[in-house]
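The next block holds one structure in the form of structure tokens; read it before the comments.
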Amino acid sequence: MSLGSNLSLLAAIPLLLPGCRFFYLPEPEEPTTERQEIFPDTPDKVLRNVENALETYYNAIIYSNALAYDFTFYPDEGLPSPSDQPWGKEEEESIISNLLLNLDYSVSQPADVEFVIVSRREFPDSASMRIEYRMVYAFRNIGNREARGEAEIGLRKRIDGRWVMTSWADYRDTSLSWGEIKLLFK
């Protein structure tokens, strides 16, 4: 090959490079647009938001959005006093924030939350559900805890069409109740 043909080949390389995919940056992936909170236009969606807040997104704001301004948590009546005393939304928000902050995020799934609706009564602007729950948490300083029991949940439909939880009455099974786990973070 002569020097002239080598120069012609070198001159042609820059013209070929734009067609080569190795010299382009890859297109960035589209950000996920999955909403963490679904609009709770049914009582079932309120429960799904609570479950997602505690198990998937670890988000105290989503949890708080599921509660009415006058929400009341009623711990199991079998707990010793003063642990059996109900509390309102502000205290509930503080407890859930503390609980989420103390999860052991070094494990692949620090929370496993499951609700099963046993019965329901639904009216145009209010509802009640009886659920069975199972909640397993991995905490940094106190290890794993499992809550099992039933709850009677009251719900109300707001004027904007959003359903919110007005009450949670806790009934423990043979293990810890949801209220007993919450009391660790009160």
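Please read all numbers here as calculations on a predicted model, not as lab measurements.
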Exercise for the section: Please test Arg48 against Asp44 for salt bridge (charged side-chain N to carboxylate O under 4.0 Å, His left out), starting from the C-alpha separation and ending with a verdict. Expected result: CA-CA 6 Å; Arg48 193 169 332 142; Asp44 292 30; over 6 Å; no

Practice task
For Tyr58 and Glu55, indicate whether the former's side chain and the latter's backbone hold a donor-acceptor pair under 3.5 Å.
Solution key: yes

Problem - Heavy-atom check, side chain of Val50 versus side chain of Met165, under 4.5 Å - result: yes

Handout entry: Within-4.5 Å side-chain heavy-atom neighbours: Arg156 and Asp125
Key = no

Exercise for the section: Is it possible for you to say whether Ile153 and Val164 belong to one hydrophobic cluster, with membership spreading through side-chain heavy-atom contacts below 4.5 Å? Expected result: no

Problem - pair Lys157-Phe123: side-chain heavy atoms closer than 4.5 Å - result: no

Exercise for the section: Keeping the roles fixed (side chain from Gln85, backbone from Pro82), state whether a donor-acceptor pair exists under 3.5 Å. Expected result: no

Problem - Beyond-backbone contact of Asn49 with Ile38, side-chain heavy atoms, under 4.5 angstrom - result: yes

Problem - Hphob cluster co-occupancy, Ile62 + Leu100, side-chain heavy atoms under 4.5 angstrom - result: no

Exercise for the section: Find out whether Phe39 and Lys45 are in side-chain contact, i.e. whether some heavy atom of one side chain is under 4.5 Å from a heavy atom of the other. Expected result: no

Exercise for the section: Calculate, to the nearest 0.5 Å, the distance between atoms CD and CD1 belonging to Glu91 and Ile96 respectively. Expected result: 11.5 Å

Exercise for the section: Report yes or no: does Asp104 contribute a side-chain atom to a donor-acceptor pair with the main-chain N or O of Pro110 at less than 3.5 Å? Expected result: no

Fill in the blank from the handout: Tightest non-hydrogen contact, residues Tyr74 and Pro86, listed as CD2-CB, 3.6 Å

Exercise for the section: State, without any angle test, whether Tyr63 and Glu92 hold a side-chain donor-acceptor pair at a distance under 3.5 Å. Expected result: yes

Exercise for the section: Locate the shortest heavy-atom distance separating Ser97 from Ala60; write the atom from each residue and the value. Expected result: OG-CB, 3.6 Å

Problem - cation_pi(Lys182, Phe73) dist<6.0 Å, angle<=45 - result: yes

Handout entry: Minimal non-hydrogen separation, Asp76 against Arg172, with atom names
Key = OD1-N, 3.1 Å

Exercise for the section: Measure across Asp84 and Ser81 and return the closest heavy-atom pair with its distance rounded to 0.1 Å. Expected result: OD1-CA, 3.3 Å

Problem - Side-chain donor-acceptor contact under 3.5 Å, Asn52 with Glu37 - result: no

Handout entry: Joint cluster assignment, Val118 & Phe115, ILVMFWY side-chain distance < 4.5 Å
Key = no

Fill in the blank from the handout: In this structure, OH of Tyr69 is separated from OG of Ser64 (nearest 0.5 Å) by 14.5 Å

Exercise for the section: Spell out, yes or no, whether Leu184 and Leu103 are grouped together once hydrophobic residues are joined by side-chain heavy atoms under 4.5 Å, including indirect joins. Expected result: yes

Exercise for the section: Please report the shortest heavy-atom distance between Glu122 and Pro43, naming the atom on each side. Expected result: OE2-CD, 3.7 Å

Handout entry: Beyond-backbone contact of Val116 with Glu114, side-chain heavy atoms, under 4.5 angstrom
Key = yes

Problem - Within one Ile-Leu-Val-Met-Phe-Trp-Tyr cluster: Val113 and Tyr171, side-chain cutoff 4.5 Å - result: no

Exercise for the section: Answer yes or no: does atom CD1 of Ile61 have more than 12 heavy-atom neighbours from other residues, nucleotides or ligands under 6.0 Å? Expected result: no

Distance-only donor-acceptor pairs under 3.5 Å for side chains of residues 130-139, two or more places apart:
unit_1 : atom_1 : unit_2 : atom_2 : d
Arg130 : NE     : Glu150 : OE1    : 2.9
Arg130 : NH1    : Glu152 : OE1    : 3.2
Arg130 : NH2    : Glu150 : OE1    : 3.0
Tyr133 : OH     : Asp170 : OD1    : 2.8
Tyr133 : OH     : Asp170 : OD2    : 3.4
Tyr133 : OH     : Trp178 : N      : 2.9
Arg134 : NE     : Glu146 : OE2    : 3.4
Arg134 : NH1    : Asp112 : OD2    : 3.1

Handout entry: Salt bridge present between Arg162 and Asp160 (N-O < 4.0 angstrom)
Key = no

Handout entry: Pairwise side-chain contact, Leu47 with Ile117, heavy-atom cut-off 4.5 Å (strictly under)
Key = yes

Practice task
Working to the nearest 0.5 Å, report the span between OG1 of Thr166 and CG of Leu67.
Solution key: 10.0 Å

